[in-house]
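Below, read A as the first sequence line, B as the second, and so on, with proteins coming before strands; counting in each chain starts at 1.
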Protein chains: 2
Amino acid sequence: MSVGRPSNFDRDAAVETVMNKLWRDGYEASSVKALSEMLGITRSSFYNAFGTREALFEEALALYAAQSPDRPLADAASDVSVKTLFTEVFRAMCKARAEDPEGRGCLAVNSISELCNSHDELGPLLENAVSGNLKRIQSILQSGVENNELNQDMDVAATALAVQNLQIGLNVLSKIVRTEKDLLIIAETTLSALGLWAEPN
Amino acid sequence: MSVGRPSNFDRDAAVETVMNKLWRDGYEASSVKALSEMLGITRSSFYNAFGTREALFEEALALYAAQSPDRPLADAASDVSVKTLFTEVFRAMCKARAEDPEGRGCLAVNSISELCNSHDELGPLLENAVSGNLKRIQSILQSGVENNELNQDMDVAATALAVQNLQIGLNVLSKIVRTEKDLLIIAETTLSALGLWAEPN
DNA sequence: GTTATTTTATACATCTATGGACAAAACAGT
DNA sequence: ACTGTTTTGTCCATAGATGTATAAAATAAC
């Protein structure tokens, strides 16, 4: 154990707890007071352990990203089928969203909706996450075109935007459309139309 | 003028002011105190004039719906081209979202993201708005199939969900994608793929 | 001018929320 | 035991937020 008085709580577990609350209730609805009480610590310990609420948000978002259903898009090997990759990722997304008993959608998308163009620090952070996501989708599509898996005429930039839009829409709509079946219909209909669905109809 | 002491402010203008603040900052970030100060009235007058914050939210949302770019979907005549209708509505949406200097997206979608599955009264209200929207899209598509304008094989229910998802996604993404051109690319790419874009490519 | 009505103004009590200050507590190392 | 380090607990001052209660003000109707 390191030097100094030992901490009274599990920091990693705390970040996860906070992530789930931010996911459910949003950023502004999660005050330092509320978070501290939920963790069973004083605000004093909170500030000492996490610095600011913004900093903790960033930690929670990083944890979320590491376990998000679209994570395979981030570390995509170049040898798998592009259609299969998208199909599987959207399948996993629909399943995860439908299985969440609280219907919280996606922490990142929720935060974009709440904070972009209104929070000075976190807004730009989320914008960067979105443009990073777009670049990954685009480069996956590009590799599919180069592999001859996708149509040579595909407008990669346009299609990437459409796929990202599908992703964001699904994550919002999953708060209301609560069955995996209906979410899958959205994903399959749109991806099929874009020429990106792996299974034969 | 009616009986009693005359009001000190323009109620209709107040609802519009509140609508714009809710649009920009969201529901929870718009306290009765903040709204009252913004309107230049006391909280006393606020409660007297509007009842509760929830009630005022409903008024603001109704005002928003009446001037929203997707309003043509609500009062669609049955004799216009379905493709043209969707194309024009999405064109107008892209234009409106890009032109908003504050990048606020859509009040309804923002509120769905913030309040669905967390606010007891407004959550269900927004859910109903979404399902009403879906029904309108669906009935427009249905009329297009019956008019032989659209493919007879079209899965109307699935396509309606996909269109609604496009709509919701665009409204969120418009907070980050700030040019009308890029928003139009998303709309055109997706609607074209779904067989719902009016112009030849 | 009196009455009824409605809005406005002020006060109240209570709770939330923030962030810093400072001392006390609990450890590791020596 | 002593030192240095880190966490904890407590207090502080200030501001935001809510909803109600009560009185005062401003009008229309009569």
List the residues meeting side chain to side chain contact (heavy atoms under 4.5 Å, CB included) with A/Ser36, not counting sequence neighbours, and say none if there are none. A/Val32, A/Ile41, A/Arg43, A/Phe46
Using distance alone, with no hydrogens and no angle criterion, decide if B/Gln138 and B/Gln142 have a side-chain donor and acceptor under 3.5 Å apart. no
Which residues in residues 36-56 of chain B have at least one heavy atom lying under 4.0 Å from any atom of DNA chain D? B/Arg43, B/Tyr47, B/Arg53
Protein-nucleotides 1-5 of chain D N/O pairs under 3.5 Å:
none

What's the shortest heavy-atom distance between A/Leu170 and A/Ala187, and which atoms? CD1-CB, 4.0 Å
Would you say A/Asp75 has more than 12 foreign heavy atoms packed within less than 6.0 Å of its CG? yes
Any side-chain N or O of A/Ser7 under 4.0 Å from OP1/OP2 of D/dT6? no
Among residues 9-35 of chain A, which ones have heavy-atom contacts with DNA chain C below 4.0 Å? A/Ser31, A/Val32, A/Lys33
For the pair B/Arg53 and B/Glu28, find out whether any cationic side-chain nitrogen is under 4.0 Å from an anionic carboxylate oxygen. yes
Heavy atoms of A/Ala49 and A/Phe9 approach each other most closely as CB-CZ, 3.8 Å
Qualifying ring-ring contact (aromatic ring centres under 6.0 Å, His included) pairs, either residue in residues 67-121 of chain A, two or more places apart: A/Tyr27-A/His119
Show the nearest heavy-atom pair for residues B/Arg178 and B/Arg97, with the distance to one decimal. NH1-O, 3.2 Å
For residues 154-164 of chain A, pull every pair meeting side-chain hydrogen bond (donor to acceptor under 3.5 Å, both in side chains), keeping only residues two or more places apart or in separate chains. A/Asn133-A/Gln164
Looking at side-chain heavy atoms only, is the closest gap between B/Val18 and B/Ser30 below 4.5 Å? no
